[in-house]
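Just so it is clear, the values below take in all heavy atoms, side chains as well, and ignore hydrogens, waters and symmetry mates. One-based numbering along the sequence shown.
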Amino acid sequence: MGIFKSLLYGEALEETPQVFAEYSETFGKKPAFLTVDLNYKNTLPNEMTPCCVKVQMDVYISEDSPQLISDSEASHVANVRQILSEHIGGKFVGQGIVAATGSTFLMFYLSERNAKNAKKMLAETFMGSFRHVETTVVYDPNGYQYLKYLYPNEVQMKKIDNGKILRSLKSYGDDGSIPRPVKFNIIFSNKNNALSFYGETMAKNFTYIDIVSEEPPEGMVLPRYKLIIEKVIPFNLELLTLIDKYLLDLCKKFDGEYRSLETTVVEP
């Protein structure tokens, strides 16, 4: 960061390191691929960069690409993102590629001073472009735009975590396709809720492993109980997404917290 930007923004932009994650969802019955800085949420509300700048432009969708666009299109989007980052300042917090609309959007958060000039500058930057480009600038210190369009919901967050585990398995030569025991850890404030929760999962062929007493969280007195249940399945992201949704919905019924899942490498 240059001296001018340091003086303009202070150190706030550097306090929280950026952690980008990728996930997919369905939009208008077609896939959408999103990239998001998960840690930006930890800075909200943010008065240092309270203005959201969203740039949306046309892209050419590739049916065969897992990221929905070709390598050349991805390179073009990356170049545009780099140019905007250098010229409008602020912080890039994520992007979305939406097959349903054949478009991509880039989202930045800027200081009020930079935001005043951003829309005019962006209009001049894209003047004469053969692609349709739209720019919106919104005062948004609470990050509502970021939370609405980029930040993953509970199921999507689980899919991101599962993807990290699958990549780790693949690094050991396990592609996840072979069925293996997968353990699910759910936290409860009392043992009865844990047992009732497990009782419902029996219908879905989950196996009981254990209930473990845990130390109470800081500031609380009563202990908590970790229910460990297991299911033998392939480590397939789409299948796990269905299971995660089921367990998250069940947690609402029994006041549980679905903490994590775990598995081990299976030799082919």
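Proximity of Ser260 to Phe184: side-chain heavy atoms (C-beta onward) are nowhere separated by under 4.5 Å. In this structure the side chain of Leu38 reaches within 4.5 angstrom of the side chain of Tyr151, judged on heavy atoms. Contact of the Leu106 side chain with the Leu84 side chain is registered, since non-hydrogen atoms from C-beta on lie closer than 4.5 Å. Contact check for Leu248 versus Lys252: no side-chain heavy atoms found under the 4.5 Å cut-off. In this structure the side chain of Val59 reaches within 4.5 angstrom of the side chain of Val77, judged on heavy atoms. No side-chain heavy atom of Gln56 sits under 4.5 Å from any side-chain heavy atom of Val133.
The structure places CZ of Phe92 at 10.5 Å from CD of Gln82, a figure rounded to the nearest 0.5 Å. Between Gln145 atom CD and Phe105 atom CZ the span is 9.5 Å, to the nearest 0.5 Å. For the atom pair Asp255 CG and Ser189 OG, the distance stands at 5.0 Å (nearest 0.5 Å). Taking CD1 from Ile61 and OG from Ser103, the interatomic distance works out to 7.5 Å, rounded to the nearest 0.5 Å. Taking CG from Leu147 and CG from Leu44, the interatomic distance works out to 6.0 Å, rounded to the nearest 0.5 Å. Here the SG atom belonging to Cys52 is positioned 12.5 Å from the CG atom belonging to Asn142, to the nearest 0.5 angstrom.
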Quick one: side chains of residues 25-36, donor-acceptor pairs under 3.5 Å with protein atoms, not counting sequence neighbours, listed by atom name and distance.
| residue | atom | partner | partner atom | Å |
| --- | --- | --- | --- | --- |
| Glu25 | OE1 | Gln156 | NE2 | 2.6 |

Check: residues 228-241 side-chain donor-acceptor pairs under 3.5 Å, at least two apart:
| residue | atom | partner | partner atom | Å |
| --- | --- | --- | --- | --- |
| Glu230 | OE2 | Lys183 | NZ | 3.2 |
| Lys231 | NZ | Lys204 | O | 2.3 |
| Asn236 | OD1 | Glu238 | N | 3.0 |
| Asn236 | OD1 | Leu239 | N | 2.8 |
| Glu238 | OE2 | Lys159 | NZ | 3.0 |
| Thr241 | OG1 | Leu237 | O | 2.8 |

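In this structure, Thr201 contributes its side chain and Tyr198 its backbone to a donor-acceptor pair below 3.5 Å. Counting only distance, with no hydrogens or angles, the side chain of Thr104 and the backbone of Gly96 share a donor-acceptor pair below 3.5 Å. Looking only at distances, no side-chain donor or acceptor of Lys158 sits under 3.5 Å from a matching main-chain atom of Asn153. The backbone N or O of Leu110 sits nowhere less than 3.5 Å from a side-chain atom of Asn114 that would complete a donor-acceptor pair. Checking side-chain atoms of Tyr208 against main-chain N and O of Ile211 turns up a donor-acceptor pair under 3.5 Å.
Hydrophobic clustering (side-chain heavy atoms under 4.5 Å, transitive across Ile, Leu, Val, Met, Phe, Trp, Tyr) keeps Ile165 apart from Met157. Taken together through direct or relayed side-chain contacts under 4.5 Å among Ile, Leu, Val, Met, Phe, Trp and Tyr, Ile160 and Val19 form parts of separate hydrophobic clusters. The hydrophobic cluster containing Ile178 does not contain Leu166, counting ILVMFWY residues as joined when their side-chain heavy atoms lie under 4.5 angstrom apart, directly or transitively. No single ILVMFWY cluster, assembled from side-chain heavy atoms under 4.5 Å apart, contains both Phe197 and Ile209. Hydrophobic clustering (ILVMFWY, side-chain heavy atoms < 4.5 Å, transitive): Tyr23 and Val155 are in distinct clusters.
Here Lys116 pairs with nothing under the side chain to side chain donor-acceptor pair (under 3.5 Å) rule; sequence neighbours left out. By the side chain to side chain donor-acceptor pair (under 3.5 Å) test, Glu257 pairs with Arg224, sequence neighbours left out. Listed by chain and number, the residues in a salt bridge (Lys or Arg N to Asp or Glu O under 4.0 Å) with Glu112 amount to none (sequence neighbours excluded). Scanning for salt bridge (Lys or Arg N to Asp or Glu O under 4.0 Å) contacts around Glu214 gives Arg259, with sequence neighbours left out. Remark: Asp175 pairs with Ser177 by the side chain to side chain donor-acceptor pair (under 3.5 Å) rule, at least two apart or across chains. Residues forming a side chain to side chain donor-acceptor pair (under 3.5 Å) with Lys253 (at least two apart in sequence, or on another chain): Glu200.
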| Stepwise side chain to side chain contact (heavy atoms under 4.5 Å, CB included) test for Val53 and Thr136 | CA-CA 6 Å; Val53 172; Thr136 57; over 6 Å; no

| task | Give the intermediate values and the outcome of side chain to side chain contact (heavy atoms under 4.5 Å, CB included) for residues Val93 and Phe108. | result | CA-CA 6 Å; Val93 298; Phe108 302 81; over 6 Å; no

| request: Before giving the answer on side chain to side chain contact (heavy atoms under 4.5 Å, CB included), spell out for Met202 and Phe206 the whole-Å C-alpha distance, their side-chain angles and the decisive distance to 0.1 Å. | output: CA-CA 5 Å; Met202 290 176 64; Phe206 285 86; over 6 Å; no

| task | Please lay out, stage by stage, how Asn42 and Thr16 fare under the test side-chain hydrogen bond (donor to acceptor under 3.5 Å, both in side chains). | result | CA-CA 8 Å; Asn42 299 329; Thr16 304; over 6 Å; no

| message | Between Arg81 and Gln95, does the side chain to side chain contact (heavy atoms under 4.5 Å, CB included) criterion hold? Intermediate values first, please. | response | CA-CA 9 Å; Arg81 182 174 68 242; Gln95 69 181 41; 2.7 Å; yes

| message | I'd like to know whether Gln18 forms a side-chain hydrogen bond (donor to acceptor under 3.5 Å, both in side chains) with Asn39, so could you lay out the CA-CA distance, the side-chain angles of the two residues, the decisive distance to 0.1 Å, and finally the verdict. | response | CA-CA 6 Å; Gln18 291 189 285; Asn39 274 2; over 6 Å; no

| request: List the steps and the verdict of side-chain hydrogen bond (donor to acceptor under 3.5 Å, both in side chains) for Tyr225 and Asn190. | output: CA-CA 6 Å; Tyr225 299 90; Asn190 67 75; over 6 Å; no

| task | Quick one: do Asp174 and Lys170 satisfy salt bridge (charged side-chain N to carboxylate O under 4.0 Å, His left out)? Show the steps, please. | result | CA-CA 5 Å; Asp174 178 0; Lys170 287 181 176 179; over 6 Å; no

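Nearest heavy-atom pair across Pro181 and Thr263 is O-OG1, 2.9 Å. The two residues Cys251 and Ile186 come nearest to each other via the heavy atoms SG-CG2, 3.7 Å. Nearest heavy atoms, Glu73 versus Ile69: CB-CB, 3.7 Å.
Grouped by direct or indirect side-chain proximity (heavy atoms under 4.5 Å, Ile/Leu/Val/Met/Phe/Trp/Tyr only), Tyr139 sits alone. Cluster partners of Ile187 are absent, since no Ile, Leu, Val, Met, Phe, Trp or Tyr has side-chain heavy atoms less than 4.5 Å from it. Other residues sharing the hydrophobic cluster of Tyr144, ordered by chain and number and joined by side-chain separations under 4.5 Å: none, the residue standing alone.
Screening residues 141-156 for salt bridge (Lys or Arg N to Asp or Glu O under 4.0 Å) gives no qualifying pairs among residues at least two apart or on separate chains.
Within a 6.0 Å sphere centred on CG of Asp71, heavy atoms belonging to other residues, nucleotides or ligands number 12 at most.
Paired with Asn46 under the rule side-chain contact (heavy atoms from CB on, under 4.5 Å), one option of Tyr109, Tyr146, Tyr40 passes, and it is Tyr40.
Judged by the 6.0 Å distance and 45° axis criteria, Lys226 is not positioned over the aromatic ring of Phe188.
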